[in-house]
Amino acid sequence: MKFDATSYLRKRLLELKPYQSARQEFVSNGESMIFLDANESPYETDLNRYPDPLQLELKALIAKWKGVRIEQLYLSNGSDEFISQVIMGCCEPDKEAIMIAPPTFGMYKVAAALLGVQVCEVPLTQTFELDVDALLDRADETVKILFIANPNNPTANAFKPEALARILDHFPGLIVIDEAYSEFHDAPSYISQLDKYPNLLVCQTFSKAQGLAGARLGIAYGHPDLISFFNRIKAPYNINTLTLSTAIQKIDKQEVVKNQVKLIIEERKRLEDAFSTIECIQKCYPSDANFLLIQVDDVALRYKQLIDKGIVVRNTSKYLHCENTLRITVGLPEENQALIKAFQSLNPIK
Ligand SMILES: Cc1ncc(COP(=O)(O)O)c(C=O)c1O
């Protein structure tokens, strides 16, 4: 059956004539040219020219690395930008909604609120699993996008493949699987399912395992008809030249990233083992990510005590089903050792 991307997209944006940047009108054939088309400074600074609006050099490398086609790729100023763009492009303000499964990454809800889009919340179960029946029951024609972080933040777990398969088979709208932490989870990416499910979008980020949170770069993958729409509605130069060149170099350094990921996973296990012996830690949830979610006896007290010892963690108690929890990123071995020592020095509550 032919895929009709337009059924997922806002009608009025389909009619929009996008901004045409100077660099899109002229495609170089490699010959040296005099550029007098974009009102740039002619004085060389390495950054005096606008970047390629479609980032073709970087996309070609990503396509080869990830085994996808360039037309399946959308690059964003961090995954955060893609999350906003997909909501903006697909949901009619005040009328349509996104669906999320709290507790989950906070930006889905914030981006929807900023864009005047409603949020349909279908909580995870107490054991942090997807409630697939409820998600499918609540999915009506106004719910345009379902966001699932896999592995999830702040709960740290990846969801069961059977649950995700049922959602992919039955959810009627777009499904965004956010794989920000996928490098820390030993399972195939959902990119491999793109051909089977044209309503699936996958996003990944350079901010976590790739070590480039400061560069702001996200990769989204999807059906070429959806991707070309997102490219049409984006800001023309959403990825800057410094980020492009940094990412191009990073792709060559995947052996280093792999070793760092391996070490972080070993350290995660070391922290889990140590936490099981610490009195004020009541529970450490299993993790498929580069952080651990723990439940403590008194979250405000323990958070403050760690701060006093110079260690900043995240108090995640306000998230649904996460009372008295702290989210702790796995750091360098010596940082993790300092954390263990800090916890060991805390007195039990009388
Ligand atoms: C699930 C998830 N998605 C996306 C992001 C943000 O990614 P980026 O830095 O690329 O905007 C985060 C950051 O914490 C996250 O936890």
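Order of listing sets the numbers, starting from 1, for every ligand and every atom in it.
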Q. Does CG belonging to D308 count more than 12 external heavy atoms closer than 6.0 Å?
A. yes
Q: Please name all residues satisfying side chain to side chain contact (heavy atoms under 4.5 Å, CB included) with I34, sequence neighbours left out, ordered by chain then number.
A: L36
Q. Residues in ring pair (Phe, Tyr, Trp, His ring centres under 6.0 Å) with Y237, at least two apart?
A. Y50
Q: Using a strict cut-off of under 4.0 Å between a residue heavy atom and any atom of ligand 1, list the qualifying protein residues by chain and number.
A: G78, S79, D80, F105, A149, N153, D178, A180, Y181, T205, S207, K208, R216
Q) With R216, which residues qualify under side chain to side chain contact (heavy atoms under 4.5 Å, CB included), at least two apart? A) N77, D80, S207
Q. Does a donor on one side chain and an acceptor on the other come within less than 3.5 Å for K309 and S345?
A. yes
Q.
So if I apply the side-chain contact (heavy atoms from CB on, under 4.5 Å) rule between L200 and each of I191, D195, I177, which one comes out positive?
A. I177
